[in-house]
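All values reported here derive from a predicted model rather than from experimental measurement.
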Amino acid sequence: MSKTKKILLTLLGVFSIILVGVVILLFSFTQSMKADPDEEKKIRVQAERYLEETFDEGTEIYDVLYDNMGNRGYFEYAAKVKHEKYGTKFLVFFNGETGEMEDTFLSDKWQDDAEKEIRPYVEKELGDVLISKEMEDIAESEDWEEIQEEIGDYNQLLLVFDEGIGKELKIDPNKPASYKDYEVSPTIRITLSRKKQDADEDRFTSVINALKKDRILKHGNMIVENISTNGVPLEDDEWHKKF
């Protein structure tokens, strides 16, 4: 066998090994992205027991979340639950860090309540906005282009409390007090589907001052970003201010 043929066969063998390895990795990745039916069933059972022990009012498990990208870190599977009285959608999960079943009911309820109260102040200065519940309904579609088309050039308002705020403040979920009764500092994220304007900073400051004056929110961290209708950032930096 000539030296050239040996080199070609060696290269072919190396390429084949690499190709097989890539196929195996792709298969493993694809499988890891799929939810395990047994784990989904397990979290449903755990959540049902937890809900019965924790909530007096009716609740309904309507789906299961599989965190296949590891964004949360402290759980892989969570039951998606809706509170029948308040309409709040929240998560119930086993926290791998604390070793306990936990929920996001209070933080999600406060989010809904605060967004409804803050929305008019934001719309007065910046125009119509979509809030979390509306964006969640749109995001149920798996078609990204369809999602972007429905959101269109709407501005977006998202308010976030720490998920563990209920446990931290030891608030009974059956007596969910108002966020106004506590010294909390949520993040207010506003997304504007346009370029930055010269008057924007004055508008943002006016929103903050009005919220404080009317006792809607004492403290918070407002962040504003500008994006195009297809989600591309239009500015290098976000505007932000703590108050």
Mind telling me whether F55 and Y50 have parallel, tilted or perpendicular rings, with 30° and 60° as the class edges?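 It falls in the perpendicular class, over 60°.
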Students often mix this up, so state it plainly: with edges at 30° and 60°, are the rings of Y86 and F105 parallel, tilted or perpendicular?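 Geometry flag for F105 against Y86: tilted rings.
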Testing the basics here: between [X] and [Y], what is the closest heavy-atom pair and its distance to 0.1 Å?
X    : Y    : value
K82  : F90  : C-CE2, 4.4 Å
A47  : A79  : CB-CB, 3.5 Å
K212 : K218 : CG-O, 4.0 Å
S132 : Q111 : OG-NE2, 3.5 Å
A210 : Y121 : CB-CD2, 3.6 Å
A78  : F93  : CB-CB, 3.8 Å

In terms of side-chain geometry, is the basic nitrogen of [X] or [Y] positioned less than 4.0 Å from the acidic oxygen of its partner?
X    : Y    : answer
K241 : E201 : no
R49  : E53  : no
K133 : E115 : no
E134 : R119 : yes

[X] (side chain) donor-acceptor with [Y] (main chain) under 3.5 angstrom:
X    : Y    : value
D214 : I216 : no
Y77  : D36  : yes
T104 : D108 : no
N174 : D56  : yes

Can you tell me how far the CD1 atom of I131 sits from the CG atom of D112, to the nearest 0.5 Å?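 Reported to 0.5 Å precision, the distance equals 7.5 Å.
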Would K109 pass as a cation-pi partner of F161, given that its NZ or CZ must be under 6.0 Å from the six-membered ring centre and within 45 degrees of the axis? no
[X] side chain near [Y] side chain, heavy-atom distance below 4.5 Å:
X    : Y    : answer
V160 : L158 : yes
L91  : K80  : yes
I165 : V184 : yes
H83  : E57  : yes
T54  : P173 : yes
Y182 : I171 : yes
L157 : I118 : yes
W239 : D200 : no

Less than 3.5 Å apart, any donor N or O on the side chain of N95 or E100 sitting next to an acceptor on the other? no
Assess, by modelled atom type and distance only, whether the side chains of E225 and T191 contain a donor and an acceptor separated by less than 3.5 Å.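 Side chains of E225 and T191: pair found under 3.5 Å.
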Given the options V224, V122, L192, N155 meets side-chain contact (heavy atoms from CB on, under 4.5 Å) only with L192
Of N226, I227, L234, which meets side-chain contact (heavy atoms from CB on, under 4.5 Å) against K195? L234
Around K180, counting heavy atoms of other residues, nucleotides and ligands shown, do more than 12 lie under 6.0 Å from its NZ? yes
Near-ring test H219/F243, centroid separation under 6.0 angstrom: no
If Ile, Leu, Val, Met, Phe, Trp and Tyr residues are connected whenever their side-chain heavy atoms lie under 4.5 Å apart, and connections chain through other members, are V64 and F75 in the same group? no
